[in-house]
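Scroll down for the structure; my scribbles are underneath it.
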Amino acid sequence: MTELSRPLRILQVSARYRPYVGGTEIHTGEVAVELAKRGHDVTVLTTDPGADLPAEEWLDGVRVIRVLAWPRGTDLHLAPGLLRVIKAEPWDLVHVQGYHTAVAPVALWAAGRQGLPTALTFHSGGHSSRIRNMARPVHTRAMARLMRNCQLLIGVSDWETGLFTQRLDLEPGRIRTIPNGVSTDATLRPRSETGSAGPKTRPGDPAPHLLSIGRLQRYKGHQRIIRAMPRLLEADPGTRLTIIGMGPYGDRLERLVDDLGLHDSVTFDAVEAEDRPRLDRIMASASAAVFLSEYESHGMAAHEAILAGLPVVVLDATALGGLVADGLARAVPPMATDDEVASIVLRTLAETGGRRPHDPPPPELERLRNSWPSIVRRLEAAYHEFVPADRSAPPRIRDRTG
């Protein structure tokens with residue numbers, strides 16, 4: 001805590017939270033826990049579409065309140081119970097994490113009715129439904145007034161900040177960029193320390209081990225690297241691919257592996273959010289990581305793979321394109337064929353020799369090295385710009401016409 005700050009009663013609102021795993025869930029959890037460590041009273045308000053989780057519990061010093069959401073088994077998250085919780089206690093501020101479900105408009109409206117200061121981090125993402133993707137701009141326009149009334153708007157990448165500055169017709173600087181933090185203990189270890197191996201370059205060398213990390217959704221693109229595997233196996237029959245993630249598209253991906261006869265070369269793994277050391281060990285043993293997602297607002301896993309010293313191949317679109325522009329990842333064009341994907345991966349492996357430490361780290365790499373504590377300090381400072389130092393004083397409210 002800084003001398004000028006005071007402990008705040010913070011309500012973070014997110015459609016999903018632990019035990020669910022995803023970029024927004026990880027971000028919300030890391031921020032909540034770190035804020036609590038810094039002396040703030042933090043509550044996470046979330047939904048329980050399955051009606052099978054505790055209505056209230058404490059996790060790592062953070063109170064978690066769950067309300068029922070409908071329809072069950074969907075990601076719409078219609079949850080009228082949010083209103084009751086937001087009205088129940090004298091929060092200093094309400095921070096909504098993610099804009100793209102029914103949770104955000106309900107929470108922002110309820111907080112506004114209570115006269116509470118509000119923050120919104122967009123956490124925009126793709127969707128496996130083309131209809132839902134087409135509806136996203138419409139959803140943004142419908143929420144525009146609620147968004148503009150927030151005291152603090154946050155994008156998790158410069159790309160996302162620019163996107164919503166344009167969509168909401170805001171003046172430059174109105175949305176701040178505060179990225180996701182990175183969590184990895186494998187940062188920049190040389191190959192000799194990790195025991196990892198690159199592609200087979202000489203007889204007897206270990207074969208390549210590729211990773212594709214992300215929620216199992218169609219738009220995340222795991223199927224593209226799976227379809228490229230036959231060509232990769234022609235180059236080296238020992239090549240392995242590990243798909244790391246959980247989600248509703250998993251059955252389809254497993255059927256694709258079956259159809260292509262790749263049982264011996266492709267495996268699926270689900271790493272729990274709390275088991276970060278195991279993910280670090282997997283990264284430390286890999287030769288390269290591939291991220292072919294059609295939409296990423298930040299690309300947390302790709303950042304972590306780069307910082308772990310892995311050669312990284314990404315789809316040159318949305319926020320992942322920034323990694324290409326900075327020279328930190330090899331680009332796959334969005335319309336690339338399966339053979340072209342394989343060729344780009346093979347060329348990346350051949351040029352990098354597998355894992356390669358960045359020595360010395362380029363400035364672009366240093367910009368990725370954001371610890372969660374450093375990110376939360378930036379967020380805390382932003383909170384105190386509009387939450388009064390005196391709890392009895394009114395909050396500093398923006399011009400609502402903005």
Side-chain angles (χ1 to χ4, degrees), residues 9-38 40-70 72-79 81-82 85-86 91 94-104 106-107 119-123 125 154 156 178-185 213-217 220 244-248 250 269-280 282 297-298 300-301 303-304 371-373 375-376 379:
R9 295 200 67 191
I10 301 167
L11 181 66
Q12 288 203 96
V13 185
S14 179
R16 303 198 323 164
Y17 192 66
R18 298 172 180 172
Y20 296 108
V21 178
T24 303
E25 293 85 347
I26 292 172
H27 179 108
T28 304
E30 294 283 355
V31 166
V33 170
E34 185 63 28
L35 284 169
K37 288 179 181 177
R38 292 177 65 79
H40 299 287
D41 182 352
V42 184
T43 298
V44 172
L45 173 58
T46 187
T47 72
D48 181 13
D52 55 1
L53 295 171
E56 185 168 341
E57 64 178 331
W58 286 82
L59 296 174
D60 298 324
V62 175
R63 181 170 60 146
V64 180
I65 299 175
R66 298 183 181 91
V67 298
L68 295 179
W70 292 271
R72 186 169 181 171
T74 75
D75 59 357
L76 294 176
H77 299 281
L78 297 169
L82 297 168
V85 179
I86 292 172
W91 313 107
V94 175
H95 188 159
V96 178
Q97 299 279 8
Y99 88 102
H100 52 279
T101 70
V103 166
V106 171
L120 171 66
T121 301
F122 293 103
H123 292 296
I154 299 172
V156 294
I178 301 180
N180 294 315
V182 293
S183 301
T184 177
D185 291 329
I213 306 172
R215 185 164 160 75
L216 304 187
Q217 294 271 16
K220 288 290 188 177
I244 300 177
M246 296 178 285
D269 200 347
V271 179
E272 299 292 338
E274 294 78 11
D275 196 3
R276 180 72 217 189
R278 193 163 79 86
L279 180 57
D280 286 333
I282 293 172
S297 58
H298 177 259
M300 188 188 310
H303 286 66
E304 292 176 348
S371 69
W372 284 109
I375 293 302
V376 170
L379 185 60

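All values below come from the heavy atoms of this structure, side chains included, with hydrogens, waters and symmetry mates left out.
Taking CG of Leu279 as the start and CD of Glu304 as the end, the distance is 7.0 Å to the nearest 0.5 Å. Expressed to the nearest 0.5 Å, how far OH of Tyr17 lies from OG1 of Thr28 amounts to 7.5 Å. Between atom CD of residue Glu34 and atom NE2 of residue His40 there is a gap of 9.5 Å, rounded to the nearest 0.5 Å. Expressed to the nearest 0.5 Å, how far CZ of Arg18 lies from CD1 of Ile26 amounts to 9.0 Å. Here Ile375 contributes atom CD1 and Glu30 contributes atom CD; the two are 11.5 Å apart, rounded to the nearest 0.5 Å. Distance check: Asp48 CG to Ile65 CD1 gives 13.5 Å after rounding to the nearest 0.5 Å.
At a threshold of 4.5 Å between non-hydrogen side-chain atoms, the residues Val62 and Gln12 do not count as touching. Proximity of Glu25 to Pro19: side-chain heavy atoms (C-beta onward) are nowhere separated by under 4.5 Å. Contact annotation: the side chain of Phe122 never approaches that of Val156 to less than 4.5 Å [non-hydrogen atoms, C-beta and beyond]. Annotation: side chain of Val64 is not in contact with side chain of Pro54 (no heavy-atom distance under 4.5 Å). With a 4.5 Å cut-off on side-chain heavy atoms, Leu379 and Ile154 count as touching. Taking 4.5 Å as the limit, every side-chain heavy atom of Tyr20 sits out of range of all side-chain heavy atoms of Ser14. At a threshold of 4.5 Å between non-hydrogen side-chain atoms, the residues Asn180 and Trp372 count as touching.
For Thr46, there are no side-chain hydrogen bond (donor to acceptor under 3.5 Å, both in side chains) partners at least two apart in sequence or on another chain.
Considering all non-hydrogen atoms of both residues, Ala107 and Val13 come closest at CB-CG1, 3.9 Å. In terms of heavy atoms, Arg16 sits closest to Val21 at NH2-O, 3.3 Å. Shortest non-hydrogen contact noted between Leu120 and Gly98 is CD1-O, 4.1 Å. Shortest non-hydrogen contact noted between Met246 and Ala270 is CG-CB, 3.4 Å. Summarising the geometry of Gly181 relative to Met300, their closest heavy-atom pair is O-CG, 3.8 Å, with the distance given to 0.1 Å. Taking both residues in full, the closest heavy atoms of Val44 and Ala32 are given as CG2-CB, 3.9 Å, listed atom of the first, atom of the second, then distance.
The aromatic rings of His27 and His123 lie perpendicular to each other, with more than 60° between the two planes, well past the 30° mark.
In this structure, the side chain of Arg63 does not engage the main chain of Glu56 through any donor-acceptor pair within 3.5 Å. Looking only at distances, a side-chain donor or acceptor of Thr47 sits under 3.5 Å from a matching main-chain atom of Ala15.
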